[in-house]
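Below is one structure; the comments refer to it alone.
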Amino acid sequence: MGSRGRRAVSPLGVGVGELWRGLLDGRHGIRELAGEEFAELPVRVAGVVPVDPAALLTRAAVRRRC
């Protein structure tokens, strides 16, 4: 599989290039969860993916997951 077939969605960013740059820069993507949207979660620290999942999926894929 060539690099065109590789994809990454991580707390460091979207795409293999963003992930690799984050790792080389020594970033980890883990942070304290602050904000009302996280109030009901039982954890206070997590790796949050900086993207709307619906933007990565086709409409059909979103419907299958709901």
Side-chain angles (χ1 to χ4, degrees):
M1 174 186 295
S3 62
R4 293 181 66 114
R6 296 184 185 149
R7 299 182 184 182
V9 178
S10 79
L12 295 176
V14 177
V16 173
E18 287 294 314
L19 172 59
W20 190 241
R21 274 189 292 282
L23 293 171
L24 291 176
D25 289 344
R27 292 186 285 124
H28 50 74
I30 306 301
R31 64 179 176 93
E32 183 176 355
L33 298 176
E36 206 169 292
E37 67 271 26
F38 303 115
E40 299 296 319
L41 294 178
V43 297
R44 299 284 28 116
V45 178
V48 179
V49 178
V51 65
D52 177 10
L56 299 174
L57 301 170
T58 64
R59 257 186 111 148
V62 171
R63 280 195 305 264
R64 283 193 304 269
R65 285 165 174 71
C66 294

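Note that the structure is a prediction, hence the values are computed from the model and not measured. Numbers here simply count residues along the sequence, with the first being 1.
A single hydrophobic cluster is seen to contain both Val48 and Val43, as judged by linkage of ILVMFWY side chains at heavy-atom distances under 4.5 Å, directly or through other members.
Residue Arg27 holds its CZ atom at 8.5 Å from OG of Ser10, rounded to the nearest 0.5 Å.
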N/O donor to acceptor pairs below 3.5 angstrom from side-chain atoms of residues 30-41, sequence neighbours left out:
none

Check: residues 54-62 side-chain donor-acceptor pairs under 3.5 Å, at least two apart:
{"from": "Thr58", "atom 1": "OG1", "to": "Ala61", "atom 2": "N", "distance (Å)": "3.1"}

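Members clustered with Leu24: Leu12, Leu19, Trp20, Leu23, by chain and number, using a 4.5 Å side-chain heavy-atom cutoff among hydrophobic residues.
Pro11 and Gly29 make their closest contact through CB-O, 3.4 Å (heavy atoms, listed as atom of the first residue, atom of the second, distance).
Taking the side chain to side chain donor-acceptor pair (under 3.5 Å) definition, one finds that Arg21 meets it with Glu18, sequence neighbours left out.
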